[in-house]
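Here the structure is laid out as structure tokens; the discussion comes afterwards.
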Amino acid sequence: MDWMDLVFPKKCVGCGHWGKYVCDSCEVGLWEEEQICPICARASRYGLRHTYCNRSPGLEGLTCLWAYEGIAQKIITKAKYNYYYDFLGELLVNSPLFFARPEYTLFRRFLELKPVVVPVPLYFKREKERGFNQAQVISLSLSKSVRLGMKDCLVRVKDTGRQVGRGREERLKNMANAFALNPKFPIPKNVLLVDDVWTTGATMNECSRVLIKAGAGRVWGFVLAR
Ligand SMILES: [Zn+2]
Ligand SMILES: [Zn+2]
């Protein structure tokens, strides 16, 4: 135990026991999610988009760690609304070993291109309300664990509100022109775009479209859960 644990003792999100954010018995409740094509959302072993989906603009591939249920859902929801964003890091701690899994083969290959980690931005009012952007917290954790640089290359210029309860078409329409480039940074050659949860992909595909239109070469997505 290091001194940080004494000053800020960790408590399991699942059962409340002290010691770890996710104790060994609750960790059993974390399920790996099947990788999908970011365009049509059908299964795709390495998270790569299908060749028949190639005509649509958006992400080249998507890496998703967990199923958005059970303990993973609990951690993400708690982090979002209760400031416990250390929990998010907990989902990534064992990543070097974790990423050795065969379904992350193409993701690992993409990391070799040294992409810049870019978080999906929040609208400034929402970020102010919440006090932080959860995608940025995950980006920081991830960029440290895989040793990549992180830049806030995008800004959200439209308050898109909550996507929950909206149909696919409506979500896509709502996302149009929601993002712009952050003039503070040059366009990275390759981008690893990061968010907490994947639902329809409308948000991430729109971000990707903006980056590619501006000259980014390849954009791969990364989410904690879907
Ligand atoms: Zn527990
Ligand atoms: Zn597809």
Side-chain angles (χ1 to χ4, degrees), residues 1-2 4-6 8-95 98 102-107 109-110 120 167-169 171-172 175 191-193 195 197-212 216-226:
M1 192 186 265
D2 65 27
M4 281 290 283
D5 291 333
L6 291 171
F8 304 104
K10 293 175 179 171
K11 197 176 176 183
C12 174
V13 212
C15 65
H17 277 124
W18 296 98
K20 280 175 159 185
Y21 286 136
V22 181
C23 77
D24 294 343
S25 36
C26 288
E27 204 189 0
V28 183
L30 272 173
W31 297 283
E32 286 88 12
E33 189 51 283
E34 185 185 48
Q35 303 301 311
I36 54 163
C37 160
I39 305 302
C40 69
R42 277 186 280 246
S44 174
R45 191 162 180 226
Y46 303 107
L48 184 71
R49 62 154 69 197
H50 302 116
T51 11
Y52 59 77
C53 291
N54 267 346
R55 264 181 298 163
S56 311
L59 297 171
E60 172 182 333
L62 173 71
T63 295
C64 171
L65 300 192
W66 310 107
Y68 192 52
E69 47 190 305
I71 193 98
Q73 186 174 18
K74 223 168 168 180
I75 293 172
I76 293 167
T77 324
K78 276 206 169 186
K80 222 184 235 185
Y81 300 104
N82 303 325
Y83 282 87
Y84 297 142
Y85 47 85
D86 270 8
F87 288 142
L88 293 176
E90 191 74 14
L91 285 176
L92 292 169
V93 275
N94 47 3
S95 45
F98 192 87
E103 57 266 46
Y104 302 130
T105 307
L106 293 185
F107 174 61
R109 222 172 276 167
F110 188 78
V120 168
R168 194 186 142 76
E169 284 304 307
R171 282 176 188 232
L172 287 172
M175 275 302 152
V191 173
L192 181 60
L193 187 66
D195 208 355
V197 179
W198 175 275
T199 32
T200 59
T203 311
M204 286 186 107
N205 278 319
E206 179 60 16
C207 286
S208 164
R209 206 188 55 79
V210 170
L211 288 163
I212 288 171
R218 297 168 64 179
V219 185
W220 192 282
F222 177 92
V223 291
L224 286 186
R226 73 167 176 87

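In listed order, ligands and their atoms are each counted from 1.
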Determine whether [X] and [Y] make a side-chain contact, defined as any pair of heavy atoms from C-beta on separated by less than 4.5 Å.
| X | Y | result |
| --- | --- | --- |
| Ile36 | Trp198 | yes |
| Arg49 | Leu59 | no |
| Tyr68 | Glu33 | no |

>> If I take every N, O or S atom of His17, is at least one of them less than 2.8 Å from the Zn ion (ligand 1)?
In response: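 Checking His17: none of its N, O or S atoms is under 2.8 Å.
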> Quick one: which of Leu193, Val219, Asp195 gives a side chain to side chain contact (heavy atoms under 4.5 Å, CB included) with Cys207?
Replying inline: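 Answer to the side chain to side chain contact (heavy atoms under 4.5 Å, CB included) test with Cys207 among Leu193, Val219, Asp195: Leu193.
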> Is a donor on one side and an acceptor on the other found under 3.5 Å between the side chain of Arg42 and the backbone of His50?
Replying inline: no
> Any donor and acceptor pair, going by atom type alone, linking the side chain of Arg226 with main-chain N or O of Glu34 inside 3.5 Å?
Replying inline: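 Checking the backbone N and O of Glu34 against the side chain of Arg226, a donor-acceptor pair under 3.5 Å is found.
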> What is the number of protein N, O or S atoms that sit under 2.8 Å away from the Zn ion (ligand 2)?
Replying inline: 4
> What angle sits at the Zn ion (ligand 1) between SG of Cys15 and SG of Cys12, to 10°?
Replying inline: 110°
> Got a second to check how far Glu103's CD is from Gln35's CD, nearest 0.5 Å?
Replying inline: 6.0 Å
